[in-house]
Amino acid sequence: MRFLFTIFSLLLVAVVGFAQDNYDVDLIPANLRNRANACIRNEETTIDMRSPDNVLLNVKRAITVFNQNGEDEARLVLYYDKNISIKGIKGEVYNSVGKLTNKFSQNDFADMSAADGFSLFVDSRVKHYLPSVNEYPYTVVYNYEIRNKQNLIIPDWSPKPADDVSVEKSTYTFICKPADQVRIKTQNYSGTPEVITDEKQKKTTWKANNILASKTEPYSPAHETYATNIQIAPQAFYYYNHKGSYTNWKELGKWIYDDLLAERKALSPATIEMVKDLVKNEKTDKDKARKIYQYLQDKTRYISVQIGIGGFQPIAASEVDRLGYGDCKALVNYMQSLLSAANIDSYYCVVSAGSEKKSMDPKYASMVQGNHIILCMPLKGDTTWLECTSQKIPFGFLSDFTDDRLVLACTTEGGKLLHTPKLTTAENLQIRKADLTLQLDGSVSGKMNTVYAGSQYENQESLIGKSITEQHKLLKEAYNIDNIDFEAVSFAQKKDISPKLTEEVSINIRNYAPVNGNKMFLQLNPFNLRRSIPEIKNRTHPVYINRGYTDEDTIIYTLPDNVITELITGQDKAFKTPFGEYVCKASLVGNKLTYYRKFILNDGTFPAAQYNEFSKFINDINSADYLKLALSLKK
């Protein structure tokens, strides 16, 4: 389900002539080398929108790679298809003192289909090049030119692509006719662009110089949210023989519905009658929709289909009905058509999908913000959302792939922004109960029951349907405990709008509690250990916790008869902060030692100044989680 319907944030490219520069690494200022794995020496991007169906992109890019960790920045990947043509590529490689060591051209690039393992039809291709250099540092210079026969998608500008990259100089120039209407979104740009206008063209140039590399800070927002970025969206556009105009989400959603969807919804009379017969005994629209959704899951499978209008238009519902497969666009459109046959309204919704939440920008509409399609049913008082690309996901459950974000609903009246349901801290549960026996040799064995819900449901859902051997292998990786064996494994699902998965296992862990003389060292918490995080001085980014959750563990150990139980005391811990809560405690009744742990992590964004408090909270939990009891044994 997690494959995007097309690739539009592509590095579209082009070539300009320029005088020879000096790429001696010693010329890079010391502050631009600090913390940098690569440095962009010079990047000049020019976009010339000569007409809506003729947009030229020219790029010159020189980047110095300091070490192997900066290698990705030297990589050039160019996508093209019948509407995107690469007019020229050339480049050079220089050593650390700026001496030319190699030249290359378009013929040196690998050329392959852009299809992935889930794609059946993809009409785009990709050219790829990475210099084969073993001595660092080195500098690679790319010059390339691309012609786009469309202006719906204009490449944006992000001068600093990653935290560990510094920038010596970068410019971004957009050229259009003086009368062309464009919308420009500026993010984290403090300067003023240079604008030159005459009777033939309007040229706008943004510049960035001397941007330092920075150390990646844990629990930071996504890089794109704080990086400098310029985005451009022309009002009047041309795309794959389609013309349109938009300035806001309502107009864009209207174009998507009218031009891309409206003529793709028809089903055969036989299929319409089948749907009516399928739901004839259901009392409510929601029950009817659930029945149709099960039919969709039983009949279809997901396959990427990146053809048509740039990958934006679904194949017809009648084709999905005939073939039994489609991509996210096609399956949502098909489900919408099936629901329509039962007189149930629904919305085709464009979403920016991914485990990290990302919403449509309410103030800036553009075609590039979405990468996936989901369905919304505005049932009276009970709005229900559907993920249509999975054959296993429960009805009405979106998962953490698309929860809690603004999406674009495309309707007959136009586009409107809706908010998907949030999987809350209280809903994202992992509740574990274990009954274990501790042997004299330090081994433990017993049974364990774990219930997963909300976003944590997905953590284990993929195990359903796997072979026993594969389940055991994946469980060993998940629990990551030395010498653990799973003697029996079973799963049970509650598949509804708030799904739950119950995992039942019988385990044996050899030498879990090492014995030394008359001491046995028992770590009370074997299954749910919180890792520490580094302390950071002078934190710059906010503390961002993408998704909250709640874990609760109860483990009962039956101790050997010769353990001196009177010495087991004082292991309780409790912490409460704005970031969450933690409690662990141990109690003893007879030879039954009960360990209880509860951890609540709250989602949210917190000031950078609170990072030290957050790291202390997490690291205190880490210390408590790894606490070992020294059990005395009777001689």
Side-chain angles (χ1 to χ4, degrees), residues 1 5 253-254 256-258 260-302 305 313-351 353 370 372-399 401-402 407-416 418-421 495-497 499:
M1 62 187 273
F5 61 76
K254 179 66 172 172
I256 292 173
Y257 185 89
D258 289 346
L260 306 185
L261 304 178
E263 296 182 356
R264 301 270 165 155
K265 297 187 175 300
L267 293 171
S268 68
T271 299
I272 293 173
E273 287 304 312
M274 178 277 297
V275 171
K276 292 179 178 179
D277 185 64
L278 181 69
V279 302
K280 64 182 180 182
N281 295 323
E282 305 300 328
K283 304 299 183 184
T284 68
D285 282 351
K286 190 166 187 177
D287 288 337
K288 292 177 182 179
R290 183 181 286 106
K291 199 76 173 284
I292 295 171
Y293 187 68
Q294 185 61 57
Y295 172 80
L296 173 83
Q297 289 184 311
D298 291 341
K299 178 181 176 62
T300 64
R301 59 194 174 97
Y302 171 85
V305 183
Q313 186 175 52
I315 61 174
S318 58
E319 283 296 284
V320 178
D321 191 50
R322 181 177 68 86
L323 298 171
Y325 59 73
D327 62 4
C328 59
K329 306 181 299 296
L331 295 175
V332 167
N333 183 61
Y334 179 53
M335 181 64 186
Q336 192 173 31
S337 298
L338 294 174
L339 290 170
S340 180
N343 297 316
I344 300 173
D345 289 334
S346 61
Y347 301 147
Y348 178 101
C349 296
V350 184
V351 57
H372 188 56
I373 307 295
I374 54 178
L375 191 69
C376 174
M377 295 187 299
L379 301 174
K380 188 175 181 179
D382 189 17
T383 297
T384 301
W385 297 81
L386 299 178
E387 169 57 61
C388 296
T389 60
S390 170
Q391 295 170 304
K392 297 193 297 182
I393 196 168
F395 174 83
F397 180 66
L398 281 185
S399 83
F401 192 48
T402 53
V407 304
L408 172 64
C410 304
T411 76
T412 54
E413 294 80 25
K416 53 185 176 181
L418 304 177
H419 200 286
T420 58
K495 291 184 66 172
D496 61 17
I497 210 162

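Computation of the quantities below employed the complete heavy-atom set of this structure, encompassing side-chain atoms and omitting hydrogens, waters and symmetry-equivalent molecules. Bear in mind that the values here come from a model prediction, so they are computed numbers and not experimental data.
- The nearest pair of heavy atoms linking T383 to C376 is CG2-SG, 3.5 Å.
- In summary, the side chains of T271 and S268 do present a donor paired with an acceptor at a separation below 3.5 Å, with no hydrogens or angles considered.
- A distance-only check finds a donor-acceptor pair linking the side chain of Q391 to the backbone of T300 [under 3.5 Å].
- In summary, of the residues considered (Y293, Y295, W385), a ring-ring contact (aromatic ring centres under 6.0 Å, His included) with F395 occurs for Y293 alone.
- For Q336 and K265, the side-chain atoms include at least one donor-acceptor pair closer than 3.5 Å.
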Chi angles and distances behind the salt bridge (charged side-chain N to carboxylate O under 4.0 Å, His left out) call for D287, K283: CA-CA 7 Å; D287 288 337; K283 304 299 183 184; over 6 Å; no

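- Distance check, rounded to the nearest 0.5 Å: NZ of K291 to NZ of K280 gives 9.5 Å.
- Taking the side chain as every heavy atom from C-beta outward, C388 and I374 never approach each other to under 4.5 Å.
- A side-chain donor-acceptor contact under 3.5 Å links K495 to the backbone of K392.
- Distance alone, capped at 3.5 Å, is enough to place a donor-acceptor pair between the K254 side chain and the T412 backbone.
- In terms of heavy atoms, G326 sits closest to A330 at CA-CB, 4.0 Å.
- In this structure, the separation between OH on Y302 and SG on C328 is 5.5 Å, given to the nearest 0.5 Å.
- The shortest side-chain heavy-atom distance between N333 and K329 does not fall under the 4.5 Å cut-off.
- With values rounded to the nearest 0.5 angstrom, L339 atom CG is found 5.0 Å from S346 atom OG.
- A pairwise comparison of heavy atoms in A317 and A266 identifies CB-O, 4.1 Å as the closest pair.
- Between the side chains of D321 and Y334, at least one donor N or O lies within less than 3.5 Å of an accepting N or O.
- With contacts defined as side-chain heavy-atom distances shorter than 4.5 Å, the pair K416/Y347 qualifies.
- Between L338 and V275, the shortest heavy-atom contact is O-CG1, 3.5 Å.
- The two atoms that bring H372 and E387 nearest to each other are NE2-OE1, 2.9 Å, heavy atoms only.
- Note: I256 CD1 to T411 OG1 = 11.0 Å, rounded to the nearest 0.5 Å.
- In this model, a donor atom of one side chain and an acceptor atom of the other lie less than 3.5 Å apart for R264 and Q313.
- The shortest side-chain heavy-atom distance between K288 and T284 does not fall under the 4.5 Å cut-off.
- Taking CG from L296 and CG from L331, the interatomic distance works out to 6.0 Å, rounded to the nearest 0.5 Å.
- Within the 4.5 Å cutoff, no side-chain heavy atoms of M377 are placed close to those of D345.
- Distance check, rounded to the nearest 0.5 Å: CZ of R290 to CG of D285 gives 12.0 Å.
- With a 4.5 Å cut-off on side-chain heavy atoms, I373 and C349 do not count as touching.
- A donor-acceptor pair under 3.5 Å is absent between the side-chain atoms of S399 and the main chain of F397, judged by distance alone.
- When side chains are defined from C-beta on, T389 does not count as touching V332, because their heavy atoms never get closer than 4.5 Å.
- Shortest non-hydrogen contact noted between L260 and P314 is O-CD, 3.7 Å.
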